[in-house]
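Bear in mind the structure is a predicted one, so any value in this text is a computation, not a measurement. In what follows, every heavy atom counts, from backbone to side chain, and hydrogens, waters and symmetry copies are set aside.
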Amino acid sequence: MIISNSHKFVFVKTNKTAGSSFEGLLSHYLNTGDWVTRAQKQEEQHRAAAIIANKINYLNGKNARPGIKVKQHARLIAAHKKFPESKEYFSFGILRNPFNRLISSFRWRKGKQIQQILGKKSNPLRQQDLLKEKFLAHITNDQGDLNTRGVNLLFGINKDGTTWGVDHVFKLEDLQSAKKILHDQLGIAIDLNKMPRFKENTVKIPSEINLWDQETIKAATKMFSWEFANLDYPTTPS
C-alpha cells in the first residue's frame, strides 16, 4: 500500500496483479511525508534510494512509526482508519484477467512441483494431466490469499452497514489508461517504461500444455465473478 499525502492518493496493492512492480514505479514519485509498506528484498533495493532521499515513511516492519501498522496487502479501509484525511484522497488498485492471475499464482506457489513434473521424461500428455490435477487443487484448495487479496481489498461494508471502496480499478492489461487518469487526477506523469518487472523468475509452463477444462473454468468464473461482471473480461481463457 502507498498513502501519498503530497499527491493525495491511496494505492491499494492486490495480489498477483503486478502490484509490486507498479508500487515500485510509484515509489519514485513520492515525497517527504508519504507512506509505503515494506516490500521483499529485491523490491526494497529497487526503491531504496528514492525512499531515503525523499524521507518516505514506512507503514510496517522495521523503523515503522509507533502506532502505525498497515499490512502490505491491506484493505482501503485500513488507510482510512489510520489516516482519516485519506478518505478524501483519490484511491485506486489494479486487477487482472482472472485466468492469467490464476496461472501466475499457480506458477508462483507451486513452482517446485511444476518443475518436478516437467523434469520427468514422460509423455507430454501425461505431464499435462498431472499439471491439470495440481492446478485444479490449487484453485479449489489453495486460493485463500487470492480471494482475500483482490477485490475485497478495494471494496467492502462496515459493521454499521456503510460501504467503502476505491475510486478507480485499473486493469493490468490497460496501464496506459492508468497513466492518463493519474496524470489527469493527480498531476503525476508516470513513465511506464520505467516500471520494474519483479517476480519474473517463476517457472514457465510450455505453451503446448493447456491447464484449462470445463471444471477449472467453472471454478475460476465462480471465484472471480466480480471481475467478469464489472471489468468485461472474457469468460473463457484466451
Point to revise | Audit row: K132, D213, side chain to side chain contact (heavy atoms under 4.5 Å, CB included) steps and yes/no | key: CA-CA 9 Å; K132 286 176 73 171; D213 56 23; 3.3 Å; yes
Practice item. Given ring pair (Phe, Tyr, Trp, His ring centres under 6.0 Å), test F92 with F90 step by step and report yes or no. Key: CA-CA 7 Å; F92 59 96; F90 180 73; 5.8 Å; yes
Practice item. Applying side chain to side chain contact (heavy atoms under 4.5 Å, CB included), run through R126 and L130 and close with a yes or a no. Key: CA-CA 6 Å; R126 177 57 178 162; L130 290 171; 3.5 Å; yes
Practice item. Before giving the answer on side chain to side chain donor-acceptor pair (under 3.5 Å), spell out for R47 and S27 the whole-Å C-alpha distance, their side-chain angles and the decisive distance to 0.1 Å. Key: CA-CA 7 Å; R47 64 183 187 176; S27 295; 3.2 Å; yes
Practice item. Give the intermediate values and the outcome of side chain to side chain contact (heavy atoms under 4.5 Å, CB included) for residues Y233 and E173. Key: CA-CA 10 Å; Y233 282 117; E173 299 80 10; 2.6 Å; yes
Review point. Passes side chain to side chain contact (heavy atoms under 4.5 Å, CB included), L231 versus F224? Steps please.
Key: CA-CA 11 Å; L231 298 180; F224 293 102; over 6 Å; no
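In this structure, the side chain of S86 does not engage the main chain of Y89 through any donor-acceptor pair within 3.5 Å. In this structure, the side chain of N54 does not engage the main chain of I51 through any donor-acceptor pair within 3.5 Å. The main-chain N or O of Q72 is never found under 3.5 Å from a side-chain atom of R38 such that the two would form a donor-acceptor pair. The backbone N or O of Q127 lies less than 3.5 Å from no partner atom in the side chain of D129, so there is not a single donor-acceptor pair. One N or O on the side chain of S91 and one on the backbone of D167 form a donor-acceptor pair closer than 3.5 Å. Within the 3.5 Å criterion, the main-chain N or O of I94 finds a donor-acceptor partner in the side chain of T14.
Between R101 and N97 there is no side-chain heavy-atom pair separated by less than 4.5 Å. For the pair F9/I188, a side-chain contact is recorded, criterion being any heavy-atom separation below 4.5 Å from C-beta on. Side-chain contact between V12 and V10: present, with at least one pair of heavy atoms (C-beta onward) separated by less than 4.5 Å. The shortest side-chain heavy-atom distance between I77 and N158 falls under the 4.5 Å cut-off. Counting only heavy atoms from C-beta outward, the side chains of P124 and I209 never approach each other to under 4.5 Å. Counting heavy atoms from C-beta on, the side chains of F83 and I68 come closer than 4.5 Å. Between L95 and F170, every side-chain heavy-atom pair lies at or beyond the 4.5 Å cut-off. With a 4.5 Å cut-off on side-chain heavy atoms, T32 and N57 do not count as touching.
L76 and W226 fall within a single hydrophobic cluster, where Ile, Leu, Val, Met, Phe, Trp and Tyr are joined by side-chain heavy atoms under 4.5 Å apart, directly or via other members. Under the 4.5 Å side-chain heavy-atom criterion for grouping Ile, Leu, Val, Met, Phe, Trp and Tyr, L102 is connected to V151 within one hydrophobic cluster. Under the 4.5 Å side-chain heavy-atom criterion for grouping Ile, Leu, Val, Met, Phe, Trp and Tyr, I139 is connected to L131 within one hydrophobic cluster. I190 and V166 are assigned to two separate hydrophobic clusters, defined by single-linkage of ILVMFWY side chains at heavy-atom distances under 4.5 Å. Linking ILVMFWY side-chain heavy atoms closer than 4.5 Å, directly or via other members, places V203 and I205 in a single hydrophobic cluster.
The two residues E44 and A39 come nearest to each other via the heavy atoms OE2-N, 2.8 Å. The minimum heavy-atom distance linking M1 with A74 is given by the pair CE-O, 3.6 Å. Scanning all heavy atoms of the two residues, the minimum distance from L154 to G93 falls at CD2-CA, 4.0 Å. The nearest pair of heavy atoms linking A178 to F22 is CB-CZ, 4.5 Å. Looking at every heavy atom in both residues, K218 comes nearest to T221 through O-OG1, 3.0 Å. Contact detail for N210 and Q128: the closest heavy-atom pair is N-OE1, 2.8 Å.
Counting heavy-atom neighbours within 6.0 Å of E208 CD, excluding the residue itself, gives a total above 12. Shown here is K69, whose NZ atom has no more than 12 heavy atoms of other residues, nucleotides or ligands within 6.0 Å. In the displayed structure, K204 atom NZ is contacted under 6.0 Å by more than 12 heavy atoms of other residues, nucleotides or ligands. The environment of E133 atom CD is sparse: at most 12 non-hydrogen atoms of other residues, nucleotides or ligands sit within 6.0 angstrom.
In this structure, the separation between OG on S122 and CD1 on I117 is 8.5 Å, given to the nearest 0.5 Å. In this structure, K171 NZ and D232 CG are separated by 6.0 Å, a value rounded to the nearest 0.5 Å. One distance of note links OH of Y29 with OG of S6; it measures 13.5 Å at 0.5 Å rounding. In this structure, CG on L153 lies 11.5 Å from NZ on K13, to the nearest 0.5 angstrom. Atom NE2 in H138 sits 8.5 Å away from atom CD1 in I103 (nearest 0.5 Å). Separation of atoms CD1 (I56) and CD1 (I3) is listed at 12.5 Å; rounding is to 0.5 Å.
Applying the ring pair (Phe, Tyr, Trp, His ring centres under 6.0 Å) test to W212 and every residue at least two apart in sequence or in another chain returns F99, F135.
In this structure, H46 has its ring center closer than 6.0 angstrom to the ring center of F198.
Between the side chains of N60 and T37, no donor N or O sits under 3.5 Å from an acceptor N or O.
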